[in-house]
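Notes for the one structure printed next.
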Number of protein chains: 2
Amino acid sequence: MSIRLGILGYGNLGRGVEASIKQNDDMELVAVFTRRDPSTVTINTPGAKVYHQDELENMTDDIDVLMICGGSATDLPEMTPKYAALYNVIDSFDTHANIPTHFANVDAAATKAGKIGIISCGWDPGMFSINRLYAHSILPVGKDYTFWGRGVSQGHSDAIRRIEGVKDARQYTVPIEDALNAVRSGSNPELTTRQKHLRECYVVAEEGADKAKIEEAIKTMPNYFADYDTTVTFISEEELKANHSGLPHGGSVIYTGTTGEGNKHVIEYKLDLDSNPEFTGSVLVAYARAAYRMNKEGVSGAKTVFDIAPAYLSPLSGDEIRHNYL
Amino acid sequence: MSIRLGILGYGNLGRGVEASIKQNDDMELVAVFTRRDPSTVTINTPGAKVYHQDELENMTDDIDVLMICGGSATDLPEMTPKYAALYNVIDSFDTHANIPTHFANVDAAATKAGKIGIISCGWDPGMFSINRLYAHSILPVGKDYTFWGRGVSQGHSDAIRRIEGVKDARQYTVPIEDALNAVRSGSNPELTTRQKHLRECYVVAEEGADKAKIEEAIKTMPNYFADYDTTVTFISEEELKANHSGLPHGGSVIYTGTTGEGNKHVIEYKLDLDSNPEFTGSVLVAYARAAYRMNKEGVSGAKTVFDIAPAYLSPLSGDEIRHNYL
């Protein structure tokens, strides 16, 4: 019997989860749930339904794990605890400062319901987090560095779009090669924000807009750009569509540690992703398998990627896993 | 209270484990156990004892986890099941074809005793294995590649030393840059053994030995060298000591996968290690913490790195782990 999944929220991440489910023979998408009028939403899975999210109250017998594909700012803090009272749930909550509260809220609801709620799943938080933990645990004397990119930051792209005279924009976060190389050499450099990443902005201006003013507004924007070396390139709407419509991303977690009489070790985990939402969705789906199986074994409450043994992610048996991967 | 460790076997790996224990405040080395006359063995930990391995029959109240630092060919198949009947144990068994038998033997002994036996721990098998599993589970459509080196292969160095006229030797396994780059590009190349790795040999010949004959014997040795491009460089004993006395190693697990409509993703886990035994020993020590804690929770039987949630490796609390690494 397949693991029956539901997707709540059908944006980029929801579609990434849907694409991943198709690659997993032991998984089945039952339905997509949306805040919108369901008749306006077309999905890519024949046989799966689209329902208004209010229907989630009535589907507990039909869905094993609910993939909550909302935003961290306002959706997930409300949705994940609410639905952890009804379903095993997975989310990708990434507002770091609020993780203790979110974890506690999901834990209370999930524990009471006998369900599992895996929060902060994806690649950062997620796979990058696991790699930081493994490295620190293996080599207690050392330091971790995280670089992001080259990839599109949705938050920074949105910030540019809010500037007067901007029609559309795409922002790439770019790790600085010299900084990467210094870290990989094991020299443990102290790096400022500016030394680690560049920000490349591709901007479509409205007709007659003051481009110099837009560029100035971007480069001086606090939190988003002021602390970085930022390039601004004005392009046409056609060029944006043709060359910047994808959502690539990636990055590296690099850990440099020391053992014995000064022996150095460098551990690097690196991702180079054509599609951030499809990769993130794929991570969520693998953890849905874990949530389902662990809950069948009687485990409940809030969990993160740290709490889940790798074997739970695989559809293979223990014998097969040892044969293929050990 | 500290986790009390014993080390069985005081070669390179045993010393690597000892070095790692010193970096972990929650760990304590109680004793080293040896087949040799204990009075001939000097260790680097003040306060720890050296005993003959027969004493292991009498130390079950004093040691929480026994680190079995023997060879995979003959030591571990016998030692690990034997001592899993008395202690939580960790080994680094790496004879891939014999893992099912070893796992079954350790599982039977450990289960009966209510102990945990973690087998095949280290970096390959070990951290590389985990990365293969995570990658295959996240991206079911894809392919993994493992490259080793640049690093010293003890087995290949030993094989050269057995050739007539060879006084000493050091063999480096070297990944071929073109192959690495082809894999990293996501092109999913089919690579032969020869296309993936070179073998560099540094050989000290005995006086008057026939160097051409030695070189021929190395390059045509089946299994070890015949399938590789191999370089042989004769050097003096002094040069071997000066430039080739370390045991560096490392390598990469690279996974290339596809999602959706042909989006490619490359995941790479890369190690660059000054000391193979110290890094391997550090992995074993982190898993000793996991064995101790899981056994306290009532878990027993044979385990591998796949079965152990990352959080068990860290001395930190769940809150601290989420705060520091998520």
- Task: Verify side-chain contact (heavy atoms from CB on, under 4.5 Å) between A:Asn324 and B:His136, making sure each step is shown before the conclusion.
- Result: CA-CA 10 Å; A:Asn324 292 356; B:His136 278 276; over 6 Å; no

Nearest 0.5 Å please: distance from the [atom1] atom of [X] over to the [atom2] atom of [Y].
| X | Y | atom1 | atom2 | value |
| --- | --- | --- | --- | --- |
| B:Tyr325 | A:Thr304 | OH | OG1 | 13.0 Å |
| A:Asp94 | B:Leu326 | CG | CG | 10.0 Å |
| A:Arg322 | B:Ser120 | CZ | OG | 9.5 Å |
| B:Tyr134 | A:Met127 | OH | CE | 5.5 Å |
| A:Ile321 | B:Ser129 | CD1 | OG | 11.5 Å |
| B:Ile99 | A:Asp319 | CD1 | CG | 11.5 Å |

Exercise: identify the closest heavy-atom pair between [X] and [Y]:
| X | Y | value |
| --- | --- | --- |
| B:Leu133 | A:Ser314 | CD1-CB, 3.5 Å |
| A:Pro310 | B:Ile130 | CG-CG2, 4.3 Å |
| A:His323 | B:His96 | O-CE1, 3.1 Å |
| B:Val141 | A:Gln23 | CG2-NE2, 3.5 Å |
| B:Asn24 | A:Pro140 | OD1-CG, 3.3 Å |

- Below 4.5 Å from any heavy atom of chain B, which atoms of A:Thr258 appear? Answer side chain, backbone, both or neither. backbone

- Heavy-atom distance under 4.5 Å to chain B: side chain of A:Asn44, backbone, both or neither? neither

What residues of [range] sit under 4.5 Å from chain A when only non-hydrogen atoms are counted?
| range | value |
| --- | --- |
| residues 290-300 of chain B | none |
| residues 265-279 of chain B | B:His265, B:Val266, B:Ile267, B:Glu268, B:Tyr269, B:Lys270, B:Leu271, B:Asp272, B:Leu273, B:Asp274, B:Ser275, B:Glu278, B:Phe279 |
| residues 281-288 of chain B | B:Ser282, B:Val283, B:Ala286, B:Tyr287 |

- Query: Which atoms of B:Asp25 come close to chain A, meaning under 4.5 Å heavy atom to heavy atom: side chain ones, backbone ones, both, or neither?
  - Reply: neither

- Message: Which atoms of B:Thr256 are under 4.5 Å from chain A, going by heavy atoms: the side chain, the backbone, both sets, or neither?
- Response: neither

- Considering residues at least two apart in sequence or located in another chain, which fulfil the salt bridge (Lys or Arg N to Asp or Glu O under 4.0 Å) criterion with A:Arg15? none

- Message: Looking at chain A, which one of B:Ala311, B:Gly318, B:Ala19 has the largest number of heavy-atom pairs inside 4.5 Å, strictly under?
- Response: B:Ala311

